[in-house]
There are 2 protein chains.
Amino acid sequence: MVKARVKNAPSRKAAAAPVRERILEVAERLFAEHGMSGVGLRAISADAKVNLASIAYHFGSKDGLLEALFAQRAAPIAEERLRLLAACYEKTKRPKLEEILDAFLRPALVLGVEPRFGGPAFVKLRARLATEPEALSRKILAKAFDLSSRKFIDAIAAALPDLPRAEVEWRFHFMLGAMFYTMADSGRIQALTKGRIDPGDVRRALRHMIPYLAAGFRSAPVT
Amino acid sequence: MVKARVKNAPSRKAAAAPVRERILEVAERLFAEHGMSGVGLRAISADAKVNLASIAYHFGSKDGLLEALFAQRAAPIAEERLRLLAACYEKTKRPKLEEILDAFLRPALVLGVEPRFGGPAFVKLRARLATEPEALSRKILAKAFDLSSRKFIDAIAAALPDLPRAEVEWRFHFMLGAMFYTMADSGRIQALTKGRIDPGDVRRALRHMIPYLAAGFRSAPVT
DNA sequence: GTCTATACAGTGATAGAC
DNA sequence: GTCTATCACTGTATAGAC
């Protein structure tokens, strides 16, 4: 109450990274660690060494912060998917189902954990959002991934010309489930196997996942 | 401020259902509709027409309320699973893989939506919890389902004697993903197919799911 | 034991001074 | 752009009525 004229100590700019970037960085880490509603804006502002109100200033709201986080991370993943899919078609006119599945899953699982794609924090965060019922989550995900998902459904259908479209779609849905549950790393299968199976090992998970899914996709359609 | 001596109107007991039951009922519905942190205790107390503090009195905390909700609903599902599994082995010594998968999935999906098992609200709530990182959620789920899940892994392994144990476990994990994602009814595949595919139609989902999963389980193990 | 009223520390959000 | 101060609201705790 008395210091009045002192304000903040540093005469030059204190931190190298801009405020906005620092907030995004900290928020991504804390959200993934403790969940969207397990961490408060005050914790973020303290950790990022910014004022509480500056979060609202830069992102409008807590939801807005989440949205901005996603907008930044999701697009490169969707683009990488399409890039890999295009690469499949460059090699051969009718790529194998396994190659298509790999192009879809690898950016989400394996590349997802690389720092430039957001790291493990973002992978988990995305999985969490995928099962959330909030309209906001759905809109964010739809905006980021609808286009690429549609292209992959088409590609899978083209690779399996005898499978009815509806069956392709059902199986794509089941694949999303396996992918998100692996990304969520819920700890369930670790508990059931004394830690022998670890979905957090994304490369191994992908290696087991693709043949399993491919066999499912190739099975006879339900009559 | 003036009515003082009037209090609540009814001379007899106003509601037939006890307070505890009414809280559980309302909480289950609201939690599933808006998520654990999308609904406040005041909304629950108002909807259930009970005093705010009576929730804490009966359940200790909001988390305690969730735990009580689960304790009530999860046990019958796990029991039904084991009952159906036992029925498989009564018919024949080596039941088909499809029958085992049906015994595991049907109580969660199809029976789950019946009122006596909690209805669609609980199905969604359970799926939400399955991808939550909170230690509490994990403990609750583990307590309710670990035993039955282990028995099913054993049963599947017995039905596929040539498949390495680790491979069975990976595939069980992927199955859980498909199951939970169907239960969560995230709206993703509806958006991608203009509503043609609807995971909320649990009977149809199960019909498509079992042959797909069975084919995956039967495919050659990853070397 | 069961229920109520009320208070409290924490949340996300915001208005307005600098 | 950044800050302080404050708002309405959250889950929780408790003192006491019946």
Side-chain angles (χ1 to χ4, degrees), chain A residues 1-24 26-27 30-31 33-69 132 134-137, chain B residues 1-24 26-27 30-31 33-69 132 134-137:
Chain A
M1 261 110 177
V2 197
K3 55 179 176 163
R5 265 310 71 179
V6 179
K7 293 193 150 194
N8 21 14
S11 47
R12 313 260 182 113
K13 274 282 171 64
V19 174
R20 222 190 110 96
E21 264 46 71
R22 246 179 310 145
I23 295 172
L24 280 171
V26 170
L30 294 185
F31 279 166
E33 277 171 15
H34 309 107
M36 249 306 256
S37 38
V39 52
L41 292 183
R42 282 160 182 86
I44 297 173
S45 74
D47 199 319
K49 294 186 173 66
V50 300
N51 186 276
L52 169 62
S54 67
I55 299 179
Y57 173 76
H58 284 289
F59 303 100
S61 69
K62 197 181 185 183
D63 282 351
L65 174 55
L66 178 69
E67 206 161 349
L69 226 156
E132 213 117 356
E134 311 290 333
L136 173 73
S137 316
Chain B
M1 259 112 178
V2 196
K3 53 179 179 163
R5 268 306 74 179
V6 177
K7 294 197 148 192
N8 18 17
S11 46
R12 313 261 184 113
K13 276 281 170 66
V19 172
R20 223 190 111 95
E21 263 47 68
R22 246 178 310 146
I23 295 172
L24 281 171
V26 170
L30 295 185
F31 280 166
E33 276 170 17
H34 309 107
M36 247 307 255
S37 38
V39 52
L41 292 183
R42 283 163 180 84
I44 296 173
S45 73
D47 199 318
K49 294 188 172 65
V50 301
N51 187 276
L52 168 63
S54 66
I55 298 178
Y57 173 75
H58 284 287
F59 302 101
S61 69
K62 196 181 185 183
D63 283 351
L65 173 55
L66 178 69
E67 207 160 347
L69 226 157
E132 213 118 353
E134 312 290 334
L136 173 73
S137 316

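Computed from a prediction, not measured in an experiment: that's the story for all the values here. Just so we're on the same page: letters track the sequence lines, and every chain starts at 1.
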Q. C:dA5 C1' sits how many Å from B:Ile55 CD1, rounded?
A. 15 Å

Q) Could you run down nucleotides 12-17 of chain C 5' to 3' and tag each one B, S or - for protein heavy-atom contact under 4.0 Å? A) BBB---

Q. Which pairs with one or both residues in residues 41-52 of chain A pass salt bridge (Lys or Arg N to Asp or Glu O under 4.0 Å), sequence neighbours excluded?
A. A:Arg29-A:Asp47

Q. At what angle, to 10 degrees, do the two end axes of the helix from C:dG1-D:dC18 to C:dC18-D:dG1 meet, given five pairs define each axis?
A. 10°

Q | For atom CD1 of B:Ile23 and atom C1' of C:dT4, their distance in whole Å | A | 13 Å

Q: Would you mind telling me which of D:dT2, C:dC3, D:dC3 lies closest to the side-chain atoms of A:His58?
A: D:dT2

Could you tabulate the donor-acceptor pairs under 3.5 Å formed by side-chain atoms of residues 50-57 of chain A, not counting sequence neighbours?
{"residue": "A:Asn51", "atom": "OD1", "partner": "A:Ala53", "partner atom": "N", "Å": "2.8"}
{"residue": "A:Ser54", "atom": "OG", "partner": "A:Asn51", "partner atom": "O", "Å": "2.6"}

Q: Check the distance between D:dT2's C1' and A:Phe59's CZ and give it to me in whole angstrom.
A: 15 Å

Pairs under 3.5 angstrom only: tabulate donor-acceptor contacts from the side chains of residues 60-68 of chain B to other protein residues two or more places apart or in another chain.
{"residue": "B:Ser61", "atom": "OG", "partner": "B:Asp63", "partner atom": "N", "Å": "3.4"}
{"residue": "B:Ser61", "atom": "OG", "partner": "B:Gly64", "partner atom": "N", "Å": "3.0"}
{"residue": "B:Lys62", "atom": "NZ", "partner": "B:Met36", "partner atom": "O", "Å": "2.9"}
{"residue": "B:Lys62", "atom": "NZ", "partner": "B:Val39", "partner atom": "O", "Å": "2.9"}

Q: Mind calculating the distance between NZ (A:Lys49) and C1' (D:dC3) to the nearest angstrom?
A: 18 Å

Q: Evaluate the criterion side-chain contact (heavy atoms from CB on, under 4.5 Å) for residue pair A:Phe59 and A:Leu69; output intermediate values, then yes/no.
A: CA-CA 10 Å; A:Phe59 303 100; A:Leu69 226 156; over 6 Å; no

Q. Heavy atoms under 4.0 Å, any strand shown: does A:Val50 hit a base, just sugar-phosphate, or nothing?
A. nothing

Q. Atom CG of B:Asn51 and atom C1' of D:dC18: how far apart are they, to the nearest Å?
A. 14 Å

